[in-house]
Number of protein chains: 2
Amino acid sequence: MDAKHEEILQRAQERVIEALAKNMDLYGITMSTGLLYGTLLFQDKPMTLDEMGEALGMSKTSMSTGVRTLMELKMVEKIWKKGARKDHYEVNLDWYQNFIDLFSLRWRSAAEYNVHAMKKSLQELRALLQSEELSDELRERVQTSIHRIENGLEYYDWLSRLIDSFETHEIFQFVPKKPMS
Amino acid sequence: MDAKHEEILQRAQERVIEALAKNMDLYGITMSTGLLYGTLLFQDKPMTLDEMGEALGMSKTSMSTGVRTLMELKMVEKIWKKGARKDHYEVNLDWYQNFIDLFSLRWRSAAEYNVHAMKKSLQELRALLQSEELSDELRERVQTSIHRIENGLEYYDWLSRLIDSFETHEIFQFVPKKPMS
DNA sequence: AAGTACGTAAAGTTTTTTCTGAACGCCAAA
DNA sequence: TTTGGCGTTCAGAAAAAACTTTACGTACTT
């Protein structure tokens, strides 16, 4: 009688799945999609959209969009199955790379976006300082703004180099995958 | 006539503020709160809740909750102003520490939460393997789940050490604040 | 060429989140 | 003790997001 054991296995899986899903907002992912990820994680075989909908009791449309977001983050991959009509998906098990891809994608683009705006504003403000007829009070405020922006740019430069070290995997020299123990 | 210059300054500030706010979802922060942060950033003086509401055209209640979330992330601090009835707030300008605090707070707790669930499930599954009357098929699946969890635990161990290196500032030895240039 | 099965887009509904206004409790000054 | 100003809590309204159903386009099968 395996029913009891089956039960235990399922419970153990569900505990982990729910934990993962609950923290998926860090990835900018909805909890449902997190549950989808977890389900795929413990499924040894690649799943179809219909199977996912079945497993989660949700519409196929939701599975479709969920899988897409997971694929954009490279957390899930589409699998080639010869002779199969339906698409099959499975999780990408490299969690390190996963983290790196996610971090890169989100933080890098945010950094670039902010740096762009900052540089443009910085330029304008520096030009403004050149203006002769600028009241002392205003000049003071412009200076302050410039300092704030320069301060931010310095940080983003660091952040960018940090992300570089992730993407090149150089970070693993500093924080190795396996501890020295 | 400073009006024109004032205009330029304001535009330059707003560009940066909006950029920052737009990417604040990375911090799990709503855009409105992001705008609040940006406003505080370019205000040379500490602001009161009323001044913030004024500046953003929003209710004082919103400012109160917004400031609280920013304080929880240590992005904003309450300032002691002698003889002032109202509370005053100003931004924490150390963006490096800011990033570290945020990352630590969110990712560390997520990691701990997941590790906890994983270890518990792992234990159960290992115990299950001891059971004599376990069908080969089920045993196989239990093994797979165990591997998945061990794989995750290994990653979280690395992540934990990465966060350690942030908190201790050792990361700056590897990725220095200022480039060597 | 027609039919069928599949994934996705669009529209609509439900749920969740965000924001506001009123009411409350607290502290300081009178 | 009262009064007034302050930050916050709470309930409700408005806005946004998530989810489902329906409908569509495409590709494979027959």
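Throughout, protein chains are lettered first and strands after them, A, B, ... in sequence-line order, and every chain is numbered starting at 1.
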- Task: Taking only the side-chain nitrogens and oxygens of A/S64, find out if one of them lies under 4.0 Å from OP1 or OP2 of C/dT8.
- Result: yes
- Message: Is there a side-chain contact between A/S62 and the phosphate of D/dC19, meaning an N or O under 4.0 Å from OP1 or OP2?
- Response: no
Gap between atoms [atom1] and [atom2], on [X] and [N] respectively (whole Å):
| X | N | atom1 | atom2 | result |
| --- | --- | --- | --- | --- |
| B/M63 | C/dG21 | CE | P | 12 Å |
| B/D25 | C/dT18 | CG | P | 12 Å |
| B/L35 | C/dC19 | CG | P | 10 Å |
| B/I29 | C/dT18 | CD1 | P | 11 Å |
| B/M71 | D/dG7 | CE | P | 11 Å |
| B/Y89 | D/dC6 | OH | P | 13 Å |
| B/K86 | D/dG7 | NZ | P | 7 Å |

- Please identify each residue that fulfils side chain to side chain contact (heavy atoms under 4.5 Å, CB included) with A/K119, with sequence neighbours left out. A/V115, A/L153
- Applying side chain to side chain contact (heavy atoms under 4.5 Å, CB included) to B/T48 and not counting sequence neighbours gives B/D50, B/E51, B/K86, B/H88
- So the ring-ring contact (aromatic ring centres under 6.0 Å, His included) pairs with at least one residue in residues 104-154 of chain A (sequence neighbours excluded) are A/F103-A/W107, A/W107-B/Y27, A/W107-B/F99
- Could you tell me whether the side chains of B/S64 and B/T61 share a donor-acceptor contact shorter than 3.5 Å? no
Between the protein and nucleotides 24-30 of chain C, are there any N/O to N/O pairs under 3.5 Å, and if so, what are the atom names and distances?
none

Hey, can you pull the donor-acceptor pairs under 3.5 Å for the side chains in residues 70-81 of chain A, sequence neighbours left out?
| residue | atom | partner | partner atom | Å |
| --- | --- | --- | --- | --- |
| A/K78 | NZ | A/D87 | OD2 | 3.3 |

- Under a 4.0 Å N-O cut-off, is there an ion pair linking A/K4 with B/E133? no
- Query: Does A/T30 or A/G83 map to a spot on DNA chain D nearer the 5' end, using the closest nucleotide for each?
  - Reply: A/T30
- Could you tell me whether B/S32 contacts a base, only the sugar-phosphate backbone, or nothing, with contacts defined as non-hydrogen atoms closer than 4.0 Å? sugar-phosphate
- Task: Measure from the side chain of A/D87, starting at C-beta and using heavy atoms only, and say which of C/dG7, D/dT8, C/dA9 lies closest.
- Result: C/dG7
- Note on the structure: Sequence neighbours excluded, the answer for side-chain hydrogen bond (donor to acceptor under 3.5 Å, both in side chains) partners of B/R139 is none
- Message: Under 4.0 Å, heavy atom to any atom of DNA chain D: which of residues 36-61 of chain A qualify?
- Response: A/M58, A/S59, A/T61
- Message: By the salt bridge (charged side-chain N to carboxylate O under 4.0 Å, His left out) test, which pairs, at least two apart or in different chains, include something from residues 13-25 of chain B?
- Response: A/E124-B/R15
May I have the list of side-chain donor-acceptor pairs in residues 32-46 of chain A shorter than 3.5 Å, sequence neighbours left out?
| residue | atom | partner | partner atom | Å |
| --- | --- | --- | --- | --- |
| A/T39 | OG1 | A/L35 | O | 2.7 |

